[in-house]
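These notes concern the structure reproduced below.
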Amino acid sequence: MEYGEERVVALVDMDCFYVQVEQRLNPALRNTPCVVAQYKTWKGGGIIAVSYEARDHGVTRNMWVDDAKNLCQDLQVARVRELHGKADLTHYREASVEVIEVMSRFAVIERASIDEAYMDLTAAVQQRLKDMSVNRIDPSLLKTTYIQGYPQSSSELEPHTEDLRSRGLHQWLASLTPSSLGEQSSAGLQLTVGAFIVEEMRAAVEEQTGFRCSAGISHNKVLAKLACGLNKPNRQTILPLASVTELFNSLPIGKIRNLGGKLGSSITETLGVENMGDLTRFSQAQLELHFGDKTGRWLYDLCRGIEFEAVKPRQLPKSIGCSKNFPGKTSLATKEEVQFWLHQLALELEERLTKDRDVNGRVAKSLTVGVRQLGDKRPSSFSRCCALVRYEATKISSDSFAIIKSLNTAGNQQAAWTPPLTLLHISASKFSDAPSSGGITGFLSTETSLSQSRFSTSQLSNKSSLDAKSVSPCKQQHGTIQSFFQKATERPTIQKDGEEEVSVGGKASPAPKSASESHSGAERRSSDVSESPRRHIKSFFQKRSTERSSSMKNSLNIVEKNNSEDCVPVVSPSRTQCENPDNEQATDVELNPNPPSGASEDLLTCDRCSQEVLAWEMPEHNDYHFAMDLQKSFSSSSSSSAATTSCNISSSSSPPPLRGGVTGSAQSSRVKTKIRGQSGPAAKKLRSQGGSASTLDSFFKKN
DNA sequence: CATTTTCTCGAT
DNA sequence: TATCGAGAA
């Protein structure tokens, strides 16, 4: 095994995934120039996915629908669902789970994004080679596979046809060194077997979900990703190490994963080179000098096609969050607006977190809140985190507000919010295993649930690969498939616990104010704030995904020996959704989320100060008392620590001066690290003097 | 103003 | 550790 060829790594990428999801739902969209867009008011909405037919017309992602229509008259537009006044991607996340479940039957996968997964096929390939003891591979097993660099010596002018693909494949197969028994197989043979597995996996994904994808098969993640893009859509590409030199000779540096941004540009500028292959002319020391030890070493290997980043066994996201922009005139300029929209985000977050807990048996412990302020060029002006102790929208939104309220320079008793906010973001992370769900929920038998799982059939039919036994025992309970009925009628209303305060659950929507005047008419939507909790009643059957199932040893020996016909996974009977027009599908009906208001009926009396407080603001109010108490208890101690923590609040408004260029000094263009390096810390220190916030405020700013 | 909404990771 | 920024889809 040669250096850099130790592994077989694949990347599978769904072709224009959101479009396929909508096309499966609505057959009229199939085989048409089609896009998925979110929102509608502003220039017809923003495009986030484009069918290949539409791409032929020049339509691209991030284009406005109105503009795209000028490129393609008969463009079909599917809309992202809107809930809580914001775009809601649940639909696509669920489709993603379908795909990942199928792929996970073939290999341990790393979820790279909603529509992409990496997999390390090394062990699977070796297993196949052992079982098959076959050293000649039938080209008919690789019907959608391209070999990058093959056929060798074909004229560049030759049209790209199936015939060309086939000639390349045959030439490649003929060049492979057959491995004798007990002998180490060649890297090329291993890639080929890997491609065979990926052919099977992609066929299974299409059969069971209806979705098509492309794939790249190579020796590392970067090459696999690159290869995947070489023959899209609905095709896969092997990228042998020996083909890298030629490919890299005319491959712009920015095409490589992680080099598409500032680092890539700085490489081009600093070294005066354009293509990936040009980097081979620089010593490792040179590259380390310019870009840092780690990046330099990475580049030195990578331009030779060598890279070692591991495929991480992880199917579940490590954070669950939601955000919404309020650009331009729609920026949030009153406290009520800020609270309202935080609550809308919190409603979605609660729903997703609750489902995640029930399905995946884990709970998030940390809540991060981020905002962007009008005029700030950075994607995030500010972010802070706090403990996440309860999955409850009112608690989440009031805590979120407490975290950011000191950003309001108008002061907390003012109606105004200054400077206006152009982005709100809340995100939950730091997951741990959920406490055992012993209570009244989750009592249905495993068998019952399992039999209803849409995965059960194929799962069980597929050898022994990943049945329950191979799953880590401690997580067994969570690993089972269960259905449950979400508590809807009886939400806990008032609870106490430890240092937690009164929190009010369930309905918490402030009564509708006059109307949407608050956010100046840009993207106004239907209001679901008044929607009854009954909406949640729908039960669902879903696999309680086992993260362990990925850490468990491979599941590769799915097929073997008779490499001819078998290996077709059992067809899932349950895919009839194409017919049924999802009522949640986007219509162009526009309703409005209710703007904030003060509701008179939701008042509680604080037992500390007898003040009337909005119920959903009670947690925050209690925080106030808590903070006051805390302040008293610290009143004698020096205020220095408070001052230090309070200061960086204002940092967002004064970005440090950008100095130093990509030229000049020794470590000239260490892009991210150094440019800010000298001025950054100094500036930060300066800013930290200015904090004149009260001690109470400082409590909220930092913890 | 107005490419959104999500993600992951590394540096500090 | 918490926060920020880069990068990607």
Side-chain angles (χ1 to χ4, degrees), chain A residues 13-14 16-18 36-39 41-50 60-68 80 82 86-90 92-93 96 110-116 118 225 229 254 256-266 292 294-295 298 309 312 314 316-331 345 348-349 352 366 368-370 372 374-386 403 420 422-430 520 522-523 645 648-649 651-652 655-656 670-677 680-681 684 701-703:
Chain A
D13 185 323
M14 307 309 294
C16 52
F17 186 47
Y18 292 5
V36 175
Q38 49 193 1
Y39 304 126
T41 307
W42 186 265
K43 301 188 175 191
I47 292 171
I48 58 174
V50 186
T60 69
R61 196 164 177 273
N62 290 338
M63 203 172 254
W64 300 114
V65 168
D66 287 351
D67 296 336
V80 174
E82 285 179 38
K86 65 179 289 298
D88 178 79
L89 305 179
T90 301
Y92 313 112
R93 290 193 189 94
S96 175
E110 173 184 344
R111 179 198 197 271
S113 76
I114 196 168
D115 73 337
E116 280 187 337
Y118 288 96
K225 172 70 180 165
I256 294 286
R257 185 185 70 148
N258 274 322
L259 296 182
K262 296 181 179 182
L263 176 57
S265 310
S266 86
K294 192 168 180 225
T295 303
W298 180 74
E309 187 185 309
K312 295 157 194 71
R314 180 179 55 76
L316 302 179
K318 301 169 89 166
S319 67
I320 295 178
C322 41
S323 62
K324 179 165 175 61
N325 282 351
F326 303 92
K329 277 175 58 168
T330 69
S331 62
L345 293 175
E348 178 184 325
L349 189 59
R352 286 167 58 193
S366 175
T368 302
V369 185
R372 181 163 54 151
L374 191 60
D376 197 330
K377 202 169 163 94
R378 299 168 302 166
S380 170
S381 302
F382 170 91
S383 88
R384 289 288 183 276
C385 68
C386 66
I403 286 183
T422 59
L423 167 72
L424 292 180
H425 173 81
I426 61 178
S427 173
S429 58
K430 292 185 170 46
S520 53
E523 304 284 0
T645 54
N648 36 9
I649 285 289
S651 69
S652 49
R670 310 273 284 256
V671 178
K672 58 194 314 182
T673 51
K674 284 322 144 198
I675 291 183
R676 285 194 155 209
K684 197 180 281 183
K701 285 167 184 168
K702 195 92 181 200
N703 30 6

For [X] and [N], give me the distance from atom [atom1] to atom [atom2], rounded to whole Å.
X: A/Arg111; N: B/dC7; atom1: CZ; atom2: P; answer: 7 Å
X: A/Asn258; N: C/dA9; atom1: CG; atom2: C1'; answer: 13 Å
X: A/Leu374; N: B/dC1; atom1: CG; atom2: P; answer: 8 Å
X: A/Tyr118; N: C/dA9; atom1: OH; atom2: C1'; answer: 11 Å
X: A/Ile47; N: C/dA9; atom1: CD1; atom2: P; answer: 18 Å
X: A/Lys262; N: B/dG10; atom1: NZ; atom2: C1'; answer: 15 Å
X: A/Leu263; N: B/dA11; atom1: CG; atom2: C1'; answer: 14 Å
X: A/Ile114; N: C/dA8; atom1: CD1; atom2: C1'; answer: 13 Å

Of all residues at least two apart in sequence or in a different chain, which pass the ring pair (Phe, Tyr, Trp, His ring centres under 6.0 Å) check with A/Tyr18?
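For A/Tyr18 the ring pair (Phe, Tyr, Trp, His ring centres under 6.0 Å) partners, ignoring immediate neighbours, are A/Tyr92.
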What I want to find out is whether A/Lys225 reaches A/Glu116 closely enough, with some N-O distance under 4.0 Å, to be called a salt bridge.
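Yes, A/Lys225 and A/Glu116 are salt-bridged.
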If you check the A/Arg314 side chain, which of B/dC9, B/dA11, C/dA9 turns out closest?
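So the side chain of A/Arg314 is nearest to B/dC9.
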By nearest nucleotide on DNA chain B, pick out whichever of A/Pro327 and A/Glu110 is the more 5' one.
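Looking at DNA chain B, the more 5' nearest nucleotide goes with A/Pro327.
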5' precedence on DNA chain B between A/Ser427 and A/Arg372 (nearest-nucleotide basis):
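Looking at DNA chain B, the more 5' nearest nucleotide goes with A/Arg372.
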Across the strands shown, which category fits [X] at heavy-atom distances under 4.0 angstrom: base, sugar-phosphate, nothing?
X: A/Ser380; result: sugar-phosphate
X: A/Gly46; result: nothing
X: A/Leu424; result: nothing
X: A/Arg93; result: sugar-phosphate

Does A/Ile114 offer a backbone N or O that forms a donor-acceptor pair with the side chain of A/Ser96 under 3.5 Å?
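Looks like yes, one N/O pair under 3.5 Å.
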Could you check whether any side-chain N or O of A/Arg384 sits under 3.5 Å from a backbone N or O of A/Gly370, counting only pairs where one atom can act as donor and the other as acceptor?
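No, the answer is negative, given that no donor and acceptor are paired below the 3.5 Å cut-off.
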Between C/dA9 and B/dC1, how many Å separate the two C1' atoms, rounded to a whole number?
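The same atom, C1', in both gives a distance of 24 Å.
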